[in-house]
Amino acid sequence: MVTRAVASEPPDAPAVPYTSARAASGTGAGLVSRLGADRTAGHWVGSDGRPVVAVTDEGTAARVRRAGAEAKVVRHSMAELKSATEALRSAPRVRPMALDIPSKRCGRVTARSPGTTGPG
């Protein structure tokens, strides 16, 4: 069972200045807010410093690109991921289970139980 995890950038990743990353994050957040949780699954700042928005369809991706951000098409919206997480949290548990918070980059909710090797 994972009790602690630490994430870091690869050593050769270019550093994006804080002010640029903050502006890019604001752009991504604004797009997610305007487009809604039914068509998006979050946002982040890419390694090149540009905003990246996870979207569920090509039409929404085109709108994101026109706004100057990078679009990543994903299978599930944030609304769907949150709904799946709530359903899993409220389901009866037979044995201890851990839920991974919905990931913007992979677009899935993962439930793990002791003795399992991961999603399958």
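Each residue takes its place number in the sequence, starting with 1.
Side-chain contact between E58 and R63 is absent, with no heavy atoms from C-beta onward closer than 4.5 Å. Between H76 and T56, every side-chain heavy-atom pair lies at or beyond the 4.5 Å cut-off. Looking at W44 and E70, their side chains never come closer than 4.5 Å, going by heavy atoms from C-beta outward.
In this structure, the side chain of E80 engages the main chain of S77 through a donor-acceptor pair within 3.5 Å. Of the possible polar contacts, none joining the S83 side chain to the A79 backbone as a donor-acceptor pair under 3.5 Å is found. Under a 3.5 Å cut-off, the side chain of S33 and the backbone N or O of A29 do not form any donor-acceptor pair.
Scanning all heavy atoms of the two residues, the minimum distance from A41 to V74 falls at CB-CG2, 3.9 Å. Here the closest non-hydrogen pair linking P51 and G28 is CB-N, 4.0 Å.
The one candidate from M78, R39, H43 that meets the side chain to side chain contact (heavy atoms under 4.5 Å, CB included) condition with V32 is H43.
A distance of 11.0 Å separates CG of D57 from CG of D38, quoted to the nearest 0.5 Å.
Note: the hydrophobic cluster containing V73 also contains V53 (ILVMFWY, side chain heavy atoms under 4.5 Å, direct or indirect links).
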